[in-house]
Amino acid sequence: MKFSINTSDKNSNARAGVLQTDHGPIETPIFMPVGTAGAVKAVQIPDLSNDTKAQIILGNTYHLYLRPGLNIIEQAGGLHKFNGWEKPILTDSGGYQVYSLANTRKLNEKGVLFRSHIDGSKHEFTPEGVMDIQRTIGADIMMAFDECTPYPCEYDYAKNSLDLTHRWLKRCIQRFDETDPKYGYNQMLFPIVQGSVYKDLRIKSAEFIAEQNAHGNAIGGLSVGEPHEIMYEMTEVVCNILPKDKPRYLMGVGTPENILESIALGIDMFDCVMPTRNARHGIIFTSEGIINIKNEKWKNDFSVLDANGTSYVDQQYTKAYVRHLFAANEILGGMITSLHNLAFYLWLVQEARKHILEGDFANWKNIMVKKLSSRI
RNA sequence: GGGGAGAUUCCAGAGCGGUCAAAUGGGGCAGACUGUAAAUCUGUUGGCGCAGCCUUCGGAGGUUCGAAUCCUCCUCUCCCCA
C-alpha cells in the first residue's frame, strides 16, 4: 500500500508513479478498463491481461450487489476468484448510479433507496453498507459512497450535496476502520472530491478530502456533460490541493484527449466506459484519430485495422472485415474493437508515462492531442 | 380447362376517393455515447432552383373538382378444383 513517484515532468504537473497493492503494482498514469458487472464487456481475461496490458480493472458495487449478489461472490472467495482476474480491482461505490439512475432512487441523509433496474425491488445503500459490500467483493481499492451531482447543477444543491458527501465520507471511513478484509489481503479506501462546477466548493471539498489522509484520492462529478474547459479548470484547482504523494483518480474520464490533458494537470488514474462502449458501437480510437468502422468508406478498405496498433487484432483483421462484422451484427465485431480500444488506451497511458520519465511529456502531449480527436 | 386472390416507395407490408411522397418493420446512410439500466439510442432514407414544385403506388385508357384508392382492357404472380 505505497505510492511512489518516480519523477515529475518539467513543463507540466504530470507524474509517473507506482502504486503497490497486494495484487501487484500499478504503474501510473494508468487507465482502468470498466467491468461493471464483473466483466469487461466483450473482452476475455487473458486478452485483457496479456494483450491490452491492463493492470487494474473496475467493478461496480451496485451492479454486483444486485447480481450475482454478495452470497455468490463470497462463496466464490471474492471477485478476483469469481471472474479470474488476478491483478488489482477497484470498485465504484454506486455513487455514479445515484446520478445515472436518478429516476429510480430516493436520497436522504441515511443513504439512497434504489429500485433495482433489474426487477424493481428496493435496496437501501448506506455508506456503511457500501463499505461492507466492497469488503465482500474484495476490491483492492474501495470507493467512498458519494452523490455524483448532475450537470447543470444549482449552486445550493451542489453545496448541500457536497456536505452530505462529506458526512457520508466520515461514516465510510469509520466503517472501513472498524472492519477487516475478508480474503487475507489489504484493501484501500479512496474518498471522492465533489462540488460540481463551483471553484469554491471544489476547493472546500479538496481540502476536506486531503485532511483524511487516505491512500489515494478521487475527483468525481465531472465529465457529466459540462464543457471540457470547466472540467479541466476544476481538475486543476483540485489537483493543486490534493496531496502530491498520493495517487489522484479522475473518475469517469474520458476521451484520449481528456486523459492526456488531465495527466498534464496531475492526474494518475482514469476509468471510462468510452473505449468499451464506443467499441461496441463501431468507434475505434487510434493514434491518427477516431474511426467509425461502420462507415461506408471502409467497405473495401483491406488495410489492417490499425497499422500502428499494439493489439494482435490490429494486424489480424482488416477494416473491411470488421465493418462487415458490424453490418452483419456479428458479436466478433464488438470483441475486436473492444480489444483494440483498450489496447490503445493502455498504450496511450504507457506512452505518456514513458514521456514523463524522459521529461518531454508536455511537448509530446500537445502534438498527440491534435491528432487524437480528429475524425478519420 | 374451371374458380379465386393479388401486383404499393430498396425489401416486407399498411393504406382503399381528398388530411398520401404514402403508416409500421427490415435494410441502407449518418450521428450520439465520458465512475455502463447501453451488442444501446437518435436522425435520415423519390427528385429539385426545397415555407413551393415535379415524378411515383404493374401497364394503357376512363369516371371525378380530385384517384395508390372507383371502372374497362392488358401484362404478370400466387392459391384451390379438375
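In what follows, every chain begins at residue 1, and chains take the letters A, B, ... in the order their sequences are listed.
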Could you tell me the Watson-Crick or G-U partner of [N], where both distances fall under 3.5 Å? Say none if there is no partner.
{"N": "B:G49", "answer": "none"}
{"N": "B:C29", "answer": "B:G43"}
{"N": "B:C65", "answer": "B:G18"}
{"N": "B:A60", "answer": "B:U72"}
{"N": "B:G35", "answer": "none"}
{"N": "B:G1", "answer": "B:C81"}

What's touching nucleotides 37-40 of chain B from the protein side, N or O pairs under 3.5 Å?
from, atom 1, to, atom 2, distance (Å)
B:A37, OP2, A:Ser100, OG, 2.6
B:A37, O5', A:His63, NE2, 3.3
B:A38, O2', A:Arg280, NH1, 3.2
B:A38, N7, A:Arg277, NH2, 2.7
B:A39, OP2, A:Arg280, NH1, 2.5

For the [atom1] atoms, the ones on [N] and on [M], what distance do you get once it is rounded to whole angstrom?
{"N": "B:C76", "M": "B:U64", "atom1": "P", "result": "32 Å"}
{"N": "B:G58", "M": "B:U75", "atom1": "C1'", "result": "8 Å"}
{"N": "B:C70", "M": "B:G15", "atom1": "C1'", "result": "15 Å"}
{"N": "B:U72", "M": "B:G26", "atom1": "C1'", "result": "37 Å"}
{"N": "B:C48", "M": "B:G43", "atom1": "P", "result": "23 Å"}
{"N": "B:U77", "M": "B:A23", "atom1": "P", "result": "29 Å"}
{"N": "B:A67", "M": "B:A21", "atom1": "P", "result": "12 Å"}
{"N": "B:G4", "M": "B:U55", "atom1": "P", "result": "38 Å"}

Using a heavy-atom cut-off of 4.0 Å across all strands, would you classify [X] as base, sugar-phosphate, or nothing?
{"X": "A:Glu257", "answer": "nothing"}
{"X": "A:Asn292", "answer": "sugar-phosphate"}
{"X": "A:Asp271", "answer": "sugar-phosphate"}
{"X": "A:Arg115", "answer": "nothing"}

Does A:Tyr96 have its ring centroid less than 6.0 Å away from the ring centroid of A:Tyr99?
yes
If the condition is salt bridge (charged side-chain N to carboxylate O under 4.0 Å, His left out), which residues does [X] pass it with, not counting sequence neighbours?
{"X": "A:Glu74", "result": "A:Lys182"}
{"X": "A:Glu257", "result": "none"}
{"X": "A:Lys244", "result": "none"}

Integer-rounded Å distance: [N] [atom2] and [X] [atom1]:
{"X": "A:Lys297", "N": "B:G31", "atom1": "NZ", "atom2": "C1'", "result": "13 Å"}
{"X": "A:Ile291", "N": "B:G31", "atom1": "CD1", "atom2": "P", "result": "13 Å"}
{"X": "A:Ile267", "N": "B:U34", "atom1": "CD1", "atom2": "P", "result": "19 Å"}
{"X": "A:Ile137", "N": "B:G35", "atom1": "CD1", "atom2": "C1'", "result": "14 Å"}
{"X": "A:Lys299", "N": "B:G28", "atom1": "NZ", "atom2": "P", "result": "10 Å"}
{"X": "A:Tyr151", "N": "B:G35", "atom1": "OH", "atom2": "P", "result": "18 Å"}
{"X": "A:Leu58", "N": "B:U34", "atom1": "CG", "atom2": "P", "result": "15 Å"}
{"X": "A:Leu222", "N": "B:U34", "atom1": "CG", "atom2": "P", "result": "14 Å"}

Does a distance-only test, which skips hydrogens and angles, find a donor-acceptor pair under 3.5 Å between the side chain of A:Asn60 and the base of B:G35?
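Such a pair does not exist between side chain and base.
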Over 60° means perpendicular and under 30° means parallel, so classify the ring planes of A:Tyr232 and A:His228, tilted if in between.
tilted
Which residues end up grouped with A:Val304 if you chain together Ile, Leu, Val, Met, Phe, Trp and Tyr wherever their side-chain heavy atoms are less than 4.5 Å apart?
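In the cluster with A:Val304 there is nothing else; it is isolated.
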Among all residues two or more places apart in sequence or in another chain, which pass the side chain to side chain donor-acceptor pair (under 3.5 Å) test with A:Glu147?
A:Tyr157, A:Ser161
The side chain to side chain donor-acceptor pair (under 3.5 Å) partners of A:Arg15 (sequence neighbours excluded) come to A:Asp268
Please check if the side chain of A:Thr28 supplies one atom and the backbone of A:Gly17 the other of a donor-acceptor pair under 3.5 Å.
yes
Close residues, residues 223-232 of chain A, relative to RNA chain B [heavy-atom separation under 4.0 Å]
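Per residue number, the list reads A:Ser223, A:His228.
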Within residues 237-252 of chain A, residues whose heavy atoms come under 4.0 Å of RNA chain B
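The answer is A:Met251, A:Gly252.
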All ring-ring contact (aromatic ring centres under 6.0 Å, His included) counterparts of A:Phe344, not counting sequence neighbours:
A:Trp347
State which residues pass ring-ring contact (aromatic ring centres under 6.0 Å, His included) with A:His355; sequence neighbours excluded, sorted by chain then number.
A:Trp364
Report the nucleotide, chosen from B:G35, B:C29, B:C33, that has the shortest atom-to-atom distance to any side-chain atom of A:Ile283.
B:C33
What nucleotide among B:U34, B:A30, B:G35 has an atom nearest to a side-chain atom of A:Asn295?
B:A30
Going from CG on A:Asn217 to CG on A:Leu250, what distance comes out if it is rounded to the nearest 0.5 angstrom?
12.5 Å
Given B:A32, is OP1 or OP2 found less than 4.0 Å from the side-chain N or O atoms of A:Arg375?
yes
Does a side chain donor of either A:Asp51 or A:Ser311 reach within less than 3.5 Å of an acceptor in the other side chain?
yes
Test side chain to side chain contact (heavy atoms under 4.5 Å, CB included) applied to A:Arg175 - qualifying residues, sequence neighbours left out:
A:Glu128, A:Met131, A:Asp132, A:Glu178, A:Thr179
